[in-house]
Amino acid sequence: MGDSRLHLPRTRREAERTLDRIVRENRFTISVFFPLNGAVLLVASAMGWLPEPVAFNAVLILLGTLVMRSPLIVGVLPLVTRRAALGVGALTAYAYAIEYTGVTTGWPYGWFEYGVELGPTVAGVPVGLPVFFIPLVMNAYLLCLLLLGDRAKHTAVRLGVVTATVLAMDVVLDPGAVALGFWEYYRLGPDAVLFYGVPLSNYAGWVVSATIAVVVLDWAFDRDALLARLDRTEFMLDDLVSFVILWGGINLWFGNWIPVLVAGLFGVGLLRTERFDSRLLRGPRRLPWRS
């Protein structure tokens, strides 16, 4: 009989294969169960239906976010070269710097403050911020590569469409977050124009941040390698599935109909890529993947 004892991966490749298997065997739990439960818990917290310390529990928020991000992280992990690591590191530093600037000066998003603890903070900025921000950009980048096809070879088209897609993701995210009380905008002025409680200055700021993030990721990662990995890794966009379920559901509860519509359009885009099998929504089971 062979040695069936469990052993830790001894090489990076072994670790990557193990992580692939774990995510692949738990797709329903990660990309459907977690966001559905997250939406229920967050709405219940905002409505005052949950007691402390369960309501808006920072550990649960961070843990849930990391679990939902795991398909993307595991999918991208084999493609992290020194150049990619440098790019992600630069974006991490940028995320902290621009958020600190926003909290202390009101630029570029407008004056805002956090209303919910999102984990440990340094100088008023959540330590887990890159986990919230960078995957949004990467999800938009991957989705657009698939939907654009050969048009993605044109730099201006690729960067422009991905930047617009990141902005569309914030059209879903920010109204839901404001409705939950994650953060609140102030010093708006009598002539401020609000979109479900979010000032237009926020979206102007996201144009800046999204453009920078998209350009850096486009430089950092090999586009052909990303497409090849997407072609053989069926779960790589499951984090975007979680985004649609979580934030689409939250916006639906609060009656934010335009964000709900935009979330639905992301769902349509996911189905068009054929990288997410809708049968997964029926429950956990092994699903064949096309060869």
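Source: prediction; values computed, not measured.
Arg158 contributes no side-chain N or O that, together with a main-chain N or O of Tyr141, makes up a donor-acceptor pair within less than 3.5 Å. Between the side chain of Ser45 and the backbone N or O of Phe56, at least one donor-acceptor pair lies under 3.5 Å. Listed for the Glu99 side chain is no donor-acceptor partner under 3.5 Å among the backbone atoms of Ala95. In terms of modelled atom types and a separation under 3.5 Å, the side chain of Asn139 and the main chain of Pro135 share a donor-acceptor contact. Asn251 places a side-chain N or O within donor-acceptor distance of the main-chain N or O of Val172, the cut-off being under 3.5 Å. Judged purely by atom type and a 3.5 angstrom limit, Arg27 has no side-chain atom pairing as donor or acceptor with the backbone of Val23. Judged by distance alone, the side chain of Ser31 and the main-chain N or O of Asp238 form no donor-acceptor pair under 3.5 Å.
Cluster partners of Trp111 are Tyr186, counting Ile, Leu, Val, Met, Phe, Trp and Tyr whose side-chain heavy atoms approach within less than 4.5 Å, directly or via other members. Taking a 4.5 Å side-chain heavy-atom cut-off between Ile, Leu, Val, Met, Phe, Trp and Tyr, the cluster of Val161 extends to Leu148, Val157. Residues near Val40 contribute nothing to a hydrophobic cluster around it, because no ILVMFWY side-chain heavy atom sits closer than 4.5 Å to its side chain. By the 4.5 Å side-chain criterion applied to Ile, Leu, Val, Met, Phe, Trp and Tyr, Leu50 is assigned to a cluster that also includes Leu41, Val54.
Shown here is Phe33, whose CZ atom has no more than 12 heavy atoms of other residues, nucleotides or ligands within 6.0 Å.
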Steps toward side chain to side chain contact (heavy atoms under 4.5 Å, CB included) verdict (Leu72, Leu142):
CA-CA 10 Å; Leu72 177 67; Leu142 296 178; 3.6 Å; yes

Which is it for Thr121 and Val125 under the side chain to side chain contact (heavy atoms under 4.5 Å, CB included) test, yes or no, and what are the steps along the way?
CA-CA 5 Å; Thr121 61; Val125 176; 5.9 Å; no

Yes or no on side chain to side chain donor-acceptor pair (under 3.5 Å) for Asp174 and Trp183, after CA distance, side-chain angles and deciding distance?
CA-CA 9 Å; Asp174 240 293; Trp183 47 80; 2.7 Å; yes

Worked verdict on Val241 versus Leu237 for side chain to side chain contact (heavy atoms under 4.5 Å, CB included)
CA-CA 7 Å; Val241 176; Leu237 278 172; 5.8 Å; no

Where do Leu180 and Val116 land on the side chain to side chain contact (heavy atoms under 4.5 Å, CB included) test, with the steps shown first?
CA-CA 9 Å; Leu180 290 172; Val116 171; over 6 Å; no

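Minimum interatomic distance between Phe254 and Ala46 (heavy atoms only, all atoms of both residues): CZ-CB, 4.2 Å. Closest approach of Glu14 and Pro9 over heavy atoms only: OE1-CA, 3.5 Å. Here the closest non-hydrogen pair linking Leu167 and Trp206 is CD1-CB, 3.9 Å. Residues Ala140 and Thr165 come closest through the heavy atom pair CB-CG2, 3.7 Å. In terms of heavy atoms, Pro126 sits closest to Tyr96 at O-CE2, 3.6 Å. Of all heavy-atom pairs between Ala263 and Val244, the closest is O-CG1, 3.6 Å.
Atom CG of Asp231 is separated from atom CG of Leu226 by 12.5 Å, given to the nearest 0.5 angstrom. Rounding to the nearest 0.5 angstrom, the gap separating the CG atom in Asp20 from the CG atom in Leu77 is 8.5 Å. Put simply, CD1 on Ile73 and CG on Leu66 are 6.5 Å apart, with the number rounded to the nearest 0.5 Å. Summarising the geometry, atom CG belonging to Leu146 is positioned 5.5 Å from atom OG1 belonging to Thr273; distances are rounded to the nearest 0.5 Å. Separating the CG atom in Leu145 from the CG atom in Leu230 is a distance of 7.0 Å, to the nearest 0.5 Å. The structure places OG1 of Thr18 at 10.0 Å from CD of Glu16, a figure rounded to the nearest 0.5 Å.
A search for salt bridge (Lys or Arg N to Asp or Glu O under 4.0 Å) contacts involving Arg187 returns nothing, not counting sequence neighbours. Applying the ring pair (Phe, Tyr, Trp, His ring centres under 6.0 Å) rule to Trp49 yields the partners Trp253; only residues at least two apart in sequence or on another chain are considered.
Hydrophobic clustering, with ILVMFWY side chains joined whenever heavy atoms are under 4.5 angstrom apart, keeps Phe243 apart from Val131. At a threshold of 4.5 Å between side-chain heavy atoms, the hydrophobic network of Ile, Leu, Val, Met, Phe, Trp and Tyr places Trp219 and Phe133 in two separate groups. Residues Phe235 and Ile22 fall into different hydrophobic clusters, defined by Ile, Leu, Val, Met, Phe, Trp and Tyr side chains chained together at heavy-atom separations under 4.5 Å. Under the 4.5 Å side-chain contact rule for hydrophobic residues, Leu265 and Ile258 do not share a cluster. Cluster membership for Leu261 and Ile245, using ILVMFWY side-chain heavy atoms within less than 4.5 angstrom, is not shared.
Side-chain N/O atoms of Tyr100 and Thr105 include no donor and acceptor closer than 3.5 Å. A side-chain donor from one of Ser209 and Tyr94 sits under 3.5 Å from a side-chain acceptor of the other. Side-chain contact annotation: Arg229 with Thr233, donor-acceptor N/O pair under 3.5 Å present. In this model, no donor atom of one side chain and acceptor atom of the other lie less than 3.5 Å apart for Tyr203 and Asp170.
Ser70 is listed as a side-chain neighbour of Ile30, based on a closest heavy-atom distance under 4.5 Å. Within the 4.5 Å cutoff, the side chain of Met236 has no heavy atoms near those of the Pro71 side chain. With contacts defined as side-chain heavy-atom distances shorter than 4.5 Å, the pair Val88/Phe221 qualifies. Looking only at side-chain heavy atoms (C-beta outward), Val32 and Phe28 come within less than 4.5 Å of each other. When side chains are defined from C-beta on, Tyr109 does not count as touching Ser201, because their heavy atoms never get closer than 4.5 Å. No side-chain heavy atom of Met138 sits less than 4.5 Å from a side-chain heavy atom of Val214. At least one side-chain heavy atom of Pro108 sits less than 4.5 Å from a side-chain heavy atom of Ile98. Using a 4.5 Å heavy-atom threshold, the side chains of Leu147 and Arg272 count as touching.
Relative ring orientation between Tyr185 and Phe112 is described as tilted, the plane-to-plane angle lying within the 30° to 60° band.
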